Novice: 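My questions will all concern the structure given below.
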Amino acid sequence: MTRKLTFSGIVQGIGFRPTARRLATSLGIKGQVKNTGGSVELLITSNEKALGIFVERLISLFEIKNYTNEIVDEAEFDSFEIVSSENDSKTPFITPDLATCKECEAELKDKNNRRYNHAFISCVNCGPRYTVINTLPYDRENITMEKFPLCNDCQSEYRAIYGRRSHAQTIACNTCGPKTNITIEQAVKILKDGNVLAVKDIGGYHLACDVKSNQAVNKIRNIKGRYKKPFAVMFCDIEEIEEYCTVNDKERELLQSSARPIVLLEKKKDFDKEVCGDSDYIGAFLPCNPIQIMLLEKCSPLVMTSANITSQPIITDDEEIKKLGVDILSHDREILTPLDDSVLQLNGGKIQFIRRARGYVPLAIPIAKKAKCDTLCMGGDLKSVFAFHRDGYVFLSQYFGDLEDADVFEAYKNNIKRFSDLHGFKAEKIVGDLHPNYYSSNLFKLNHKIQHHKAHIASVIAEHRLSSTVLGFAYDGTGYGDDAAIWGSETFLFDGKEFTRVNHLDYTKFLASDEISKNADLALACYTRSNELINKAIDTDVNTVMSSSMGRLFDAVSALLDICHYNTYEGECACKLESIAKKSKKPYILDITNNPVDILNQIKEALNKAAKEDLALGFHYLICDIICNTAAKANKKYGVNQIALSGGVFNNRILTSLTIDKLEKNGFKVYMNELVPCGDGGIALGQAFIASLEE
């Protein structure tokens, strides 16, 4: 009897076909396997017992979304072979880029191995995927390795039934693979001499330097125009990270995962101030590719930051990097799409994305709502991320940055096309943010405009597949409201169909300028009416807007306590306010109110009788109490016990931990974003959910 088996899911670029061939051969099954773009198709002849074992093993080894088994016309096979791929119209689940596996790393360091010091070593279990795919199916001729014909030895490994390189599309060796422009030894010397080195990696160039070279660190800051924001640091191994940082089991697992993200860890031992500034954390990560492994083996730790001017996209172009005027370690394998490092932290005991990119994109997120047609979700303009919703899956792009920058907007547009072409998506329906002036909302004609903070809460509901009533708190800096005010401290009741706004901070009249999001003194003056010129503009309604922003309140408290007065990078004032609050052993208790002016007046009146750190912590306790009181009232009135927390303010570890702990002690079930950022990087997921409610 001949059967056709079709497996859909993560089956491209993950070694499914060679695994199926090895397993079939061991079980005496004959037939064939081929990629079909969105799935893998097998024709086999087998007895029922062997077939059952075969299917069960494949499903256990791979992330299968769907599987079909049907009887077809009888066919005869002499063996089990991998045959030429075809393309179909099914949805592909493309594998993200995978860090170098332990086996390849061992070979890389083995002087007796023919791939010793091979800068592009990989196998079916590791190496670039998303960044090198031109088109599907995932075969050598469809990726950027196509220009590097395999030598006889690699060809033999590729065709073999057994071995990690059986049908591994990215394999090569020192003889037939890509080449670097300088040797690793030369690159190491550049770094050890205290110079900056641009390193071409998986998704773009990094700027690297020795953490001990303040001159090189400051040169990178001048190149990027990034004068205070902490830099990420790459370490050679987990033991070295533990010299500098406190690492728990969850954090260790994240650091060593195949995604190799940057993880924000508590400092135990610090570098010079130029590296991480005043931050309590180090953005630590481990090498994810052979070039990084070899560099870090000889000079570690290194500052390793995306090669870009602040607010512009990471550089992928070999000619563009030369304009930065630094030494370059490059190679001749093309990068097809810009892809930054992913950034995560543990917050309230939960994994939290700050930035979702390399290692996670383009993995799909399953949600309970199905789209009736392909829906393009434009996301927002800050921390821009778009998504496509097909069936019950949302496919999110990588992080791009602020669309106000022309290069970022160009990368965003180009990748909408690449993403849709690669997956076979058609934008039959397009949704975006309610803001009338967002670039993302004006690129295409929208079928539906979705309010920013409702999308925040919807993103939590979507990823946790919540049903029945949910009370959601969306706290951030800015978002265009239904009433044309600037929202940012919103509480919504979701009844399964609609979002009803039930609470927020009292409105304050602000000057309507981008400066308000940077200048904490300006925000404070708008709240307290302490500047004559600003008062005049507000009283005469010269370019003003009503706002309920929680982010601006954090800024104002930071300025009032003389902690930080200006955001040189997003969230700087709030981060430093949190840092000071951590030093307190006893919070100064403030009266609960929704009026920001009352909150600031309470703090001002206590300046002479309480320590700065106690007032800072007391403010965090106050915001937690506002949330918990609102939740208690909603529970009494509506019977709701599911709470969703989203928005950039919930990157704050003190506030989030306090809030989750207190809500759970009062019987609430608390959910927050764990698969997407709680900031604007998760907006597109929420848009997909809300758009599907209409269908």
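Quick caveat, the model's predicted, so the values are computed rather than measured. We use all heavy atoms of the structure for the numbers below, so side chains are in, but hydrogens, waters and symmetry mates are not.
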Novice: Would one find more than 12 heavy atoms of other residues, nucleotides or ligands at under 6.0 Å from atom NZ of Lys612?
Specialist: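 Check passes, neighbour count above 12.
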Novice: Okay, side chain of Arg356, backbone of Pro677: is any donor-acceptor separation there less than 3.5 Å?
Specialist: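 Such a contact is absent between Arg356 side chain and Pro677 backbone.
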Novice: Taking C-beta and beyond as the side chain, do Asp381 and His435 meet within less than 4.5 Å on heavy atoms?
Specialist: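 Sidechains of His435 and Asp381: no contact.
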Novice: Looking only at heavy atoms, what is the nearest atom pair of Gly679 and His456, with distance?
Specialist: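 Closest approach of Gly679 to His456: O-CE1, 3.3 Å.
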Novice: With rounding to the nearest 0.5 Å, note down the distance linking CD in Gln687 to CD1 in Ile683.
Specialist: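 The CD1 atom of Ile683 is 6.5 Å from CD of Gln687, to the nearest 0.5 Å.
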Novice: Ring-plane angle category for Phe554 and Phe619, please: parallel below 30°, perpendicular beyond 60°, tilted otherwise.
Specialist: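 Perpendicular: the ring planes of Phe554 and Phe619 meet at over 60°.
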Novice: Taking all non-hydrogen atoms of both residues into account, name the closest pair between Ala357 and Ser342 and its distance.
Specialist: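 That would be N-OG, 2.7 Å.
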Novice: Taking the six-membered ring for Trp, are Phe395 and Phe419 closer than 6.0 Å centroid to centroid?
Specialist: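 Distance test on ring centres: not under 6.0 Å, no.
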Novice: Would you please indicate if the ring centroids of Tyr244 and Phe235 are separated by under 6.0 Å?
Specialist: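 Yes, they do, as the ring centres are separated by less than 6.0 Å.
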Novice: Side chains of Gln345 and Asn651: does their closest heavy-atom pair fall under 4.5 Å?
Specialist: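 Side-chain contact under 4.5 Å: yes.
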Novice: Between Lys582 and Glu578, is a salt bridge (charged side-chain N to carboxylate O under 4.0 Å, His left out) present by the stated rule, with each step listed?
Specialist: CA-CA 6 Å; Lys582 285 173 65 178; Glu578 179 186 4; over 6 Å; no
Novice: Would one find more than 12 heavy atoms of other residues, nucleotides or ligands at under 6.0 Å from atom CD of Glu664?
Specialist: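 Yes, the 6.0 Å shell around CD holds more than 12 heavy atoms from other groups.
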Novice: Let me know which of Arg390, His423, Lys426 forms a side chain to side chain donor-acceptor pair (under 3.5 Å) with Asp374.
Specialist: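 Result: among Arg390, His423, Lys426, Arg390 is the only option passing the side chain to side chain donor-acceptor pair (under 3.5 Å) with Asp374.
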Novice: Would you find a donor on one side and an acceptor on the other, under 3.5 Å apart, between the side chain of Asn248 and the backbone of Lys250?
Specialist: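 At least one qualifying donor-acceptor pair exists.
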Novice: Kindly check if the number of other-residue, nucleotide or ligand heavy atoms within 6.0 Å of CG (Asp249) is above 12?
Specialist: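 Not more than 12 within 6.0 Å, no.
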Novice: Determine whether Lys268 and Ile282 make a side-chain contact, defined as any pair of heavy atoms from C-beta on separated by less than 4.5 Å.
Specialist: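 No, every pair of side-chain atoms sits at 4.5 Å or beyond.
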Novice: Quick one: do Lys370 and Ser692 satisfy side-chain contact (heavy atoms from CB on, under 4.5 Å)? Show the steps, please.
Specialist: CA-CA 7 Å; Lys370 288 189 175 183; Ser692 69; over 6 Å; no
Novice: So, applying side-chain contact (heavy atoms from CB on, under 4.5 Å) with Leu471, which one of Val502, Leu663, Ile457 is it?
Specialist: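 It is Val502, the one option of Val502, Leu663, Ile457 that forms the side-chain contact (heavy atoms from CB on, under 4.5 Å) with Leu471.
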Novice: Say you draw a straight line from CD1 of Ile563 to NZ of Lys576; how long is it, rounded to the nearest 0.5 Å?
Specialist: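 Here the rounded value is 10.5 Å.
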Novice: Tell me whether Ser558 contacts the main-chain N or O of Cys564 through its side chain, where contact means a donor paired with an acceptor under 3.5 Å.
Specialist: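 Yes, the answer is positive, given that a donor and an acceptor are paired below the 3.5 Å cut-off.
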Novice: Would you check if the side chain of Asn673 reaches a backbone N or O of Phe353 as a donor-acceptor pair within less than 3.5 Å?
Specialist: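 Answer holds: no.
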Novice: Going from CG on Asp555 to CE on Met550, what distance comes out if it is rounded to the nearest 0.5 angstrom?
Specialist: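 Between Asp555 CG and Met550 CE, I get 12.0 Å after rounding to 0.5 Å.
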Novice: Under a 3.5 Å distance rule, please check whether Arg653 uses its side chain to pair with a backbone N or O of Phe650 as donor and acceptor.
Specialist: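 Pair absent, no side-chain N/O of Arg653 close to backbone of Phe650.
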Novice: In Å, rounded to the nearest 0.5 Å, how long is the span from CG of Leu434 to NZ of Lys454?
Specialist: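 These two atoms lie 8.5 Å from each other.
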Novice: Can you tell whether the side chains of Asp341 and Arg358 come within less than 4.0 Å, N to carboxylate O?
Specialist: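 Here Asp341 pairs with Arg358 in a salt bridge, since their nearest N and O are under 4.0 Å apart.
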Novice: Tell me the closest heavy-atom pair linking Asp280 and Ser579, and the distance in Å.
Specialist: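 Answer, listing the atom of Asp280 first, then Ser579: OD2-OG, 2.8 Å.
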Novice: Checking the side chain of Asn447 only, and the main-chain atoms of Ile430 only, is there a donor and an acceptor separated by less than 3.5 Å?
Specialist: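 A pair under 3.5 Å: yes.
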Novice: Could you check, using the six-membered ring where one of them is a Trp, whether Tyr527 and Phe510 have ring centers closer than 6.0 angstrom?
Specialist: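 Yes, they do, as the ring centres are separated by less than 6.0 Å.
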Novice: Taking all non-hydrogen atoms of both residues, which atom of Ser440 and which atom of Gly379 are closest, and how far apart?
Specialist: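 Smallest interatomic distance, heavy atoms only, reads OG-O, 3.8 Å.
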Novice: How long is the straight-line distance from OG1 of Thr375 back to CZ of Phe388, given to the nearest 0.5 Å?
Specialist: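 Going from CZ on Phe388 over to OG1 on Thr375, the span is 9.5 Å.
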Novice: For a quick test of reading the model, state the closest non-hydrogen atom pair linking Ala616 to Leu577 and the distance between them.
Specialist: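 Shortest heavy-atom contact: CB-CD1, 3.7 Å.
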Novice: Can you check whether Asp278 reaches Glu572 side chain to side chain, under 4.5 Å on heavy atoms?
Specialist: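 They are not in side-chain contact.
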Novice: Run the numbers on Asp625 and Lys662 for salt bridge (charged side-chain N to carboxylate O under 4.0 Å, His left out), then give the verdict.
Specialist: CA-CA 9 Å; Asp625 287 342; Lys662 189 168 183 179; 2.6 Å; yes
Novice: Taking Ser441 for its side chain and Pro436 for its backbone only, find out whether a donor-acceptor pair lies under 3.5 Å.
Specialist: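 Judged by distance alone, no pair lies under 3.5 Å.
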Novice: Report yes or no: does Asp614 contribute a side-chain atom to a donor-acceptor pair with the main-chain N or O of Pro587 at less than 3.5 Å?
Specialist: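 Here the side-chain-to-backbone pair does not exist.
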Novice: Please check this pair: side chain of Gln642 against backbone of Thr469, looking for a donor-acceptor N/O pair closer than 3.5 Å.
Specialist: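 Yes: the side chain of Gln642 pairs with the backbone of Thr469.
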Novice: Where do Ala631 and Phe473 come nearest, in terms of heavy atoms and distance?
Specialist: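 The pair with the smallest heavy-atom distance is N-CZ, 4.2 Å.
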Novice: Does anything in residues 484-500 form a side-chain hydrogen bond (donor to acceptor under 3.5 Å, both in side chains)? List the pairs, not counting sequence neighbours.
Specialist: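 As it turns out, the side-chain hydrogen bond (donor to acceptor under 3.5 Å, both in side chains) pairs with a partner in residues 484-500, which skip direct neighbours, are Asp483-Trp487, Trp487-Tyr507, Glu490-Arg501, Glu490-Ser548.
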Novice: Taking it one step at a time, do Glu428 and Lys372 satisfy salt bridge (charged side-chain N to carboxylate O under 4.0 Å, His left out)?
Specialist: CA-CA 10 Å; Glu428 299 165 286; Lys372 288 187 178 177; over 6 Å; no
Novice: Under a 4.5 Å cut-off applied to non-hydrogen side-chain atoms, are Gln256 and Arg252 in contact?
Specialist: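 Of all side-chain heavy-atom pairs linking Arg252 with Gln256, at least one is under 4.5 Å.
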Novice: Could you go through the side-chain contact (heavy atoms from CB on, under 4.5 Å) check for Val361 and Leu396 one step at a time?
Specialist: CA-CA 7 Å; Val361 173; Leu396 286 102; 6.0 Å; no
Novice: Any heavy-atom pair between the side chains of His452 and Asp680 that's under 4.5 Å?
Specialist: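 They are in contact (side-chain heavy atoms under 4.5 Å apart), so the answer is yes.
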Novice: Checking side-chain contact (heavy atoms from CB on, under 4.5 Å) between Ile461 and each of Leu466, Leu685, Ile690, which is the one that passes?
Specialist: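 The option that passes is Leu466.
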Novice: For the residue pair Phe7 and Phe16, does the interplanar ring angle fall in the parallel (under 30°), tilted (30 to 60°) or perpendicular (over 60°) class?
Specialist: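 Geometry flag for Phe16 against Phe7: tilted rings.
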Novice: Given 3.5 Å as the limit, does a donor-acceptor pair link the side chain of Arg465 with the main chain of Ala462, or not?
Specialist: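 The answer is no, because no donor-acceptor pair under 3.5 Å joins these two groups.
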Novice: Between CG of Leu446 and CG of Leu376, what distance do you get to the nearest 0.5 Å?
Specialist: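 So the CG of Leu446 and the CG of Leu376 are separated by 9.0 Å.
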Novice: Below 30° counts as parallel, above 60° as perpendicular, anything between as tilted: where do the rings of Tyr412 and Phe386 land?
Specialist: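 The rings of Tyr412 and Phe386 stand perpendicular, inter-plane angle above 60°.
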Novice: Answer yes or no: is there a side-chain heavy-atom contact under 4.5 Å between Leu265 and Val263?
Specialist: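 Counting from C-beta outward, Leu265 and Val263 do come under 4.5 Å.
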Novice: List the steps, then state whether side-chain hydrogen bond (donor to acceptor under 3.5 Å, both in side chains) holds for Thr337 with Gln398.
Specialist: CA-CA 10 Å; Thr337 188; Gln398 67 268 42; 3.0 Å; yes
Novice: Is the closest side-chain heavy-atom distance between Ser397 and Val385 below 4.5 Å?
Specialist: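 With C-beta onward as the side chain, the pair touches.
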Novice: Surrounding NZ of Lys518 (heavy atoms of other residues, nucleotides or ligands, distance under 6.0 Å), is the total greater than 12?
Specialist: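 Counting other residues, nucleotides and ligands, NZ of Lys518 stays at 12 neighbours or fewer.
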Novice: Of the options Asn629, Asp506, Asn503, which is the one that meets Asn594 in a side chain to side chain donor-acceptor pair (under 3.5 Å)?
Specialist: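 Per the side chain to side chain donor-acceptor pair (under 3.5 Å) rule, the option paired with Asn594 is Asn503, out of Asn629, Asp506, Asn503.
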